[in-house]
Asks: 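Pasting a structure below so you can have a look.
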Amino acid sequence: MTTKRSHPAQRKPRTDAQRNRERILAAAKDAFTQSGPNASLDEIAKQAGVGAGTLYRHFPTRDALIEAVYRTEVEKLAAAARTFAGELPPLEALRAWMLLFVDHIAAKHIIAPALNSVAGGASKLYEGSRSLIQGAIDLLVKRAIKNSDLRKDLDPSDLVRALIGASYVTAGSDWRQSARRLVDILIAGSRST
């Protein structure tokens with residue numbers, strides 16, 4: 001007679017463990033932004049108010065921590081689309097998210113040296129985030145089209161490409177302000193007639 005083995009259900013992390021993880025990620029984002037990929041992991045742990053062992057238990061390598069910082073920021077961006085869609089009229093939700101996306105791009109520029117240090121390069125990380133970002137913009141644009149605020153033939157990817165393109169024109173220090181103005185231009189040009 002064979003007995004079935006039950007697989008234990010995956011437990012949710014304890015509240016204090018989750019809080020420690022969030023503090024480590026916040027401290028790491030700040031450290032990588034200010035000091036680049038070689039920021040001291042011991043200093044990150046100290047800033048997060050945890051011991052080095054706690055940091056390494058959550059993130060066994062520097063690459064794991066860098067990847068987690070980036071993924072967390074992308075997940076927050078995707079979650080913001082759902083929040084905005086639930087709280088704001090369609091065009092306002094789209095505009096708010098696009099402005100947040102500009103801020104995300106700016107942060108990505110600052111943390112890029114750390115992202116590029118990850119084994120396999122940043123492109124691996126960017127690929128994984130592409131579907132989250134695409135899902136967020138698709139949700140908001142489709143909602144605005146359904147509300148007759150935007151043209152029916154608008155491809156949500158065009159808005160993302162335009163904002164990303166604006167971020168590569170970093171010859172001046174005002175690219176971020178320019179990209180924020182571009183959000184309003186893109187929305188005005190995409191309105192239904």
Side-chain angles (χ1 to χ4, degrees), residues 25-26 28-37 63 65-147 149-192:
L25 289 171
K29 179 185 175 192
D30 290 343
F32 292 138
T33 298
Q34 291 178 7
S35 304
D63 283 358
L65 180 56
I66 293 169
E67 288 179 26
V69 167
Y70 181 72
R71 282 197 181 96
T72 299
E73 292 306 305
V74 171
E75 288 167 1
K76 287 179 186 175
L77 185 62
R82 293 185 297 275
T83 300
F84 292 153
E87 296 175 356
L88 299 171
L91 272 184
E92 287 180 38
L94 176 62
R95 182 179 185 278
W97 187 85
M98 289 174 70
L99 291 172
L100 192 62
F101 185 65
V102 168
D103 294 342
H104 168 75
I105 293 169
K108 190 168 87 171
H109 278 302
I110 293 168
I111 201 170
L115 293 172
N116 290 329
S117 75
V118 172
S123 62
K124 180 178 100 175
L125 284 174
Y126 298 157
E127 278 181 29
S129 65
R130 192 170 290 134
S131 64
L132 287 173
I133 291 171
Q134 191 63 52
I137 191 80
D138 286 350
L139 166 75
L140 296 168
V141 168
K142 287 177 182 175
R143 187 170 167 255
I145 289 172
K146 185 177 180 182
N147 199 51
D149 292 330
L150 296 178
R151 304 162 38 147
K152 292 184 188 304
D153 64 343
L154 178 64
D155 182 346
S157 297
D158 291 341
L159 298 176
V160 171
R161 281 188 209 102
L163 292 175
I164 291 171
S167 77
Y168 283 105
V169 184
T170 58
S173 60
D174 68 337
W175 80 264
R176 192 172 180 180
Q177 291 80 14
S178 177
R180 292 177 75 80
R181 283 190 307 272
L182 182 61
V183 166
D184 291 325
I185 293 168
L186 289 169
I187 289 174
S190 301
R191 298 211 43 153
S192 60

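What you see below is based on every heavy atom in this structure, not just the backbone, and it leaves out hydrogens, waters and symmetry mates.
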Asks: Can you measure from OG (S192) to CZ (R151) and round to the nearest 0.5 angstrom?
Replies: 10.0 Å

Asks: Is L91 close to L150 at the side-chain level, that is, under 4.5 Å between some pair of heavy atoms?
Replies: yes

Asks: Sequence neighbours excluded, which residues qualify as side chain to side chain contact (heavy atoms under 4.5 Å, CB included) partners of R181?
Replies: Q177, S178

Asks: Give me the atom names and distance for the closest heavy-atom approach of A81 to L140.
Replies: O-CD2, 3.7 Å

Asks: For L182 and M98, run side chain to side chain contact (heavy atoms under 4.5 Å, CB included): C-alpha distance rounded to whole Å, both residues' side-chain angles, the deciding distance at 0.1 Å, then the answer.
Replies: CA-CA 10 Å; L182 182 61; M98 289 174 70; over 6 Å; no

Asks: Should R95 and E92 count as an ion pair when the cut-off is N to O under 4.0 Å?
Replies: no

Asks: Set out, in order, the CA-CA distance, both residues' side-chain angles and the distance that settles side chain to side chain contact (heavy atoms under 4.5 Å, CB included) for D149 and I187, then state yes or no.
Replies: CA-CA 9 Å; D149 292 330; I187 289 174; over 6 Å; no

Asks: Give me the one residue out of I137, L88, V183, L186 that meets side chain to side chain contact (heavy atoms under 4.5 Å, CB included) with L94.
Replies: I137

Asks: Which atoms form the tightest heavy-atom contact between A85 and A93, and what is the distance?
Replies: N-CB, 4.1 Å

Asks: Working note: L132 + L77, criterion side chain to side chain contact (heavy atoms under 4.5 Å, CB included); need CA distance, chi angles, decisive distance, verdict.
Replies: CA-CA 8 Å; L132 287 173; L77 185 62; over 6 Å; no

Asks: Let me see the working for E73 and K29 under side chain to side chain contact (heavy atoms under 4.5 Å, CB included), right down to the final yes or no.
Replies: CA-CA 9 Å; E73 292 306 305; K29 179 185 175 192; 3.2 Å; yes

Asks: Considering all heavy atoms of both residues, which atom of A78 and which atom of A136 are nearest to each other, and what is their separation?
Replies: CA-CB, 4.2 Å

Asks: Should T83 and E87 count as side-chain neighbours, where that means a heavy-atom distance under 4.5 Å?
Replies: yes

Asks: Give a yes or no on whether the backbone of V102 and the side-chain of R180 come within a donor-acceptor separation of less than 3.5 Å.
Replies: no

Asks: Would you mind writing out the side-chain donor-acceptor pairs for residues 156-164 within the sub-3.5 Å range, not counting sequence neighbours?
Replies:
{"residue": "S157", "atom": "OG", "partner": "Q134", "partner atom": "OE1", "Å": "3.1"}
{"residue": "S157", "atom": "OG", "partner": "Q134", "partner atom": "NE2", "Å": "3.1"}
{"residue": "D158", "atom": "OD1", "partner": "R161", "partner atom": "NH1", "Å": "2.8"}

Asks: What's the spacing between I145 CD1 and K142 NZ if we round to 0.5 Å?
Replies: 8.5 Å

Asks: Looking at R71 and E67, is any side-chain nitrogen of the basic one under 4.0 Å from a carboxylate oxygen of the acidic one?
Replies: yes

Asks: By the ring-ring contact (aromatic ring centres under 6.0 Å, His included) test, which pairs, at least two apart or in different chains, include something from residues 78-100?
Replies: W97-F101

